[in-house]
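The structure appears right after this line, and notes come after that.
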2 protein chains.
Amino acid sequence: MNIGQAAEQTGLPAKTIRYYEDIGLVTAPRHGNGYRYYADRQLEQLRFVGRARLLGFSIEECRSLLSLQANRQRTNAEVKTILKQHLNTVDHKLVELQSMRSSLVELEQACPGDEDSNCPILKNLAGNNIRVD
Amino acid sequence: MNIGQAAEQTGLPAKTIRYYEDIGLVTAPRHGNGYRYYADRQLEQLRFVGRARLLGFSIEECRSLLSLQANRQRTNAEVKTILKQHLNTVDHKLVELQSMRSSLVELEQACPGDEDSNCPILKNLAGNNIRVD
DNA sequence: ATTGACCTTCCAGTGACTGGAAAGTTTATT
DNA sequence: AATAAACTTTCCAGTCACTGGAAGGTCAAT
């Protein structure tokens, strides 16, 4: 199977699949004409990476996960450690985004959004903090 | 005031302040020796951008906000529109992250994290979905 | 023989910085 | 006055994970 079909099968763009090969994440053998050849093993690896990426794992984390999957001596603990670290990162991002969101909602409510020009949003950004109390 | 003190005053790294000038976001006049000179106006703009960035506004959004702030003909509506768009973006990201998080937590709970090698996390990534029902 | 759909590599751009090199300037110390 | 330390300048490269596009090779069908 050529890269186009592999893309179709895995849901990953062909460009991305080539990129993964470039960085040595998922490599594919070649036909005589230089075309990449995708068999079950490669498709599985690509789908594996695709799913891990959907969960937000970085490329380097995907690399580690792929290598653990290939290693029969791995332990559940090793895998779980990577997951926990990633979960921590996600939690940090969530806290950040939620704090942004609550500030934004506060500003949204403070601004009437009319044709006036005395915008509380700009005032806040300029340092005049909104006092709600 | 030179860039180092401006950095100290605004909390932005000098590198970042130079970058903002590079992209024409906040420009500063120069001393005779070529050093950038920061007066109140520039400091205010830098702090403005700094706060907007903390709220997650993109550089281009910051540019729009700065230009609205400089424009007396602006309306609250124009400012609020930018904020609402950004809030939408933040909400989308939150949904995505929360969905990632719940999948990750599920996987975390499914994996005992012991010295075994039959890892449910890897199984899930490989396509063997966890069945909880 | 030619069209069109593939495939290849390589280079450049994204966003928002950040690090580092090489060189000029100012300030402080000796 | 010389020197060293601390500042500043510009420019180039790297980050992350792709994505777009150009130029050219290959293959299947008409």
Side-chain angles (χ1 to χ4, degrees), chain A residues 1-39 42 45-46 48-66 85-86 89-90 92-93 96-97 100, chain B residues 1-39 42 45-46 48-66 85-86 89-90 92-93 96-97 100:
Chain A
M1 172 183 318
N2 288 341
I3 199 169
Q5 288 183 312
E8 209 179 325
Q9 291 289 312
T10 60
L12 298 171
K15 272 268 179 190
T16 299
I17 297 178
R18 281 193 204 98
Y19 171 69
Y20 287 166
E21 181 163 318
D22 258 25
I23 62 173
L25 187 63
V26 176
T27 57
R30 306 287 180 124
H31 281 294
N33 59 9
Y35 286 19
R36 289 169 182 83
Y37 177 77
Y38 293 86
Q42 284 77 39
Q45 290 184 329
L46 287 173
F48 183 97
V49 171
R51 289 196 195 92
R53 295 287 300 130
L54 281 179
L55 292 179
F57 286 102
S58 72
I59 292 289
E60 287 316 307
E61 285 164 340
C62 289
R63 203 190 293 279
S64 303
L65 289 170
L66 270 179
Q85 278 174 11
H86 176 49
T89 306
V90 168
H92 282 305
K93 283 189 191 158
E96 237 193 334
L97 271 183
M100 280 181 193
Chain B
M1 168 185 316
N2 288 341
I3 199 168
Q5 288 181 313
E8 209 177 323
Q9 291 289 314
T10 62
L12 298 171
K15 273 268 177 190
T16 299
I17 297 178
R18 282 192 204 99
Y19 171 69
Y20 288 166
E21 181 162 318
D22 258 23
I23 61 172
L25 187 64
V26 175
T27 56
R30 305 289 180 122
H31 283 294
N33 58 9
Y35 285 19
R36 290 170 182 84
Y37 176 77
Y38 292 86
Q42 284 77 38
Q45 291 184 330
L46 287 173
F48 183 97
V49 171
R51 288 195 196 91
R53 295 287 301 129
L54 281 179
L55 292 178
F57 286 103
S58 73
I59 291 290
E60 288 316 308
E61 285 164 339
C62 290
R63 203 189 293 277
S64 304
L65 290 170
L66 271 178
Q85 278 175 12
H86 176 47
T89 307
V90 168
H92 281 305
K93 281 190 193 158
E96 235 194 334
L97 271 183
M100 279 181 193

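Quantities reported herein were computed from a predicted structural model and do not represent experimental measurements. Below, chains carry the letters A, B, ... as their sequence lines are ordered, and counting in each starts from 1. Every heavy atom of this structure was used, including side-chain atoms; hydrogens, water molecules and symmetry mates were not.
Across all strands shown, A:Y20 has heavy atoms under 4.0 Å from sugar-phosphate atoms exclusively, and none from any base. Residue-level contact check: A:I3 touches the backbone only, with heavy atoms under 4.0 Å from sugar-phosphate atoms and none from bases.
Contact annotation: A:T16 side-chain N/O to D:dT19 OP1/OP2 distance is under 4.0 Å. Distances shown here put a side-chain N or O of A:N33 below 4.0 Å from the OP1 or OP2 atom of D:dC27. At the phosphate of D:dT10, neither OP1 nor OP2 sits under 4.0 Å from any side-chain N or O atom of B:R18. Distances shown here put every side-chain N or O of B:R53 at or beyond 4.0 Å from the OP1 or OP2 atom of C:dG15.
Atom CG of B:D22 and atom P of D:dT10 are 8 Å apart (whole Å). When rounded to the nearest whole Å, the span between CD1 of B:I17 and P of C:dG19 equals 15 Å. Per the geometry, NE2 belonging to B:H31 stands 12 Å off C1' belonging to D:dC7, to the nearest Å. The interatomic distance linking B:E8 (CD) with D:dC7 (P) rounds to 10 Å, in whole Å. Summarising the geometry, the separation between NZ on B:K93 and P on C:dG15 is reported as 12 Å, rounded to the nearest angstrom. The nearest whole Å value for the distance from the CD1 atom in A:I23 to the P atom in D:dA17 is 8 Å. Between A:Q5 atom CD and C:dC6 atom P there is a gap of 10 Å when expressed in whole angstrom units. For B:R36 and C:dT26, the CZ to C1' distance is 17 Å, given to the nearest whole Å.
Residues B:L25 and B:Y19 fail the side-chain proximity criterion, which asks for heavy atoms closer than 4.5 Å. Annotation: side chain of A:R18 is in contact with side chain of A:R36 (closest heavy-atom distance under 4.5 Å). Contact of the B:Q9 side chain with the B:L46 side chain is not registered, since no non-hydrogen atoms from C-beta on lie closer than 4.5 Å. In this structure the side chain of A:Q42 never reaches within 4.5 angstrom of the side chain of A:I17, judged on heavy atoms. Side-chain contact between A:R63 and A:I23 is present, with heavy atoms from C-beta onward closer than 4.5 Å. Counting heavy atoms from C-beta outward, A:L66 and A:V26 have side chains that approach closer than 4.5 Å.
For the pair B:K15 and B:E60, nearest-nucleotide mapping onto DNA chain C gives the more 5' position to B:E60.
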Stepwise side-chain contact (heavy atoms from CB on, under 4.5 Å) check, B:F57 with B:V49: CA-CA 9 Å; B:F57 286 103; B:V49 171; over 6 Å; no
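Recorded end-axis angle for the helix from C:dA1-D:dT30 to C:dT30-D:dA1 stands at 30°, based on five pairs per end and rounded to 10 degrees.
If you check D:dT26, C:dT26, C:dA16 against the side chain of A:Y35, the one that comes closest is D:dT26.
B:Y19 contributes no side-chain N or O that forms a donor-acceptor pair with the base of C:dG15 under 3.5 Å.
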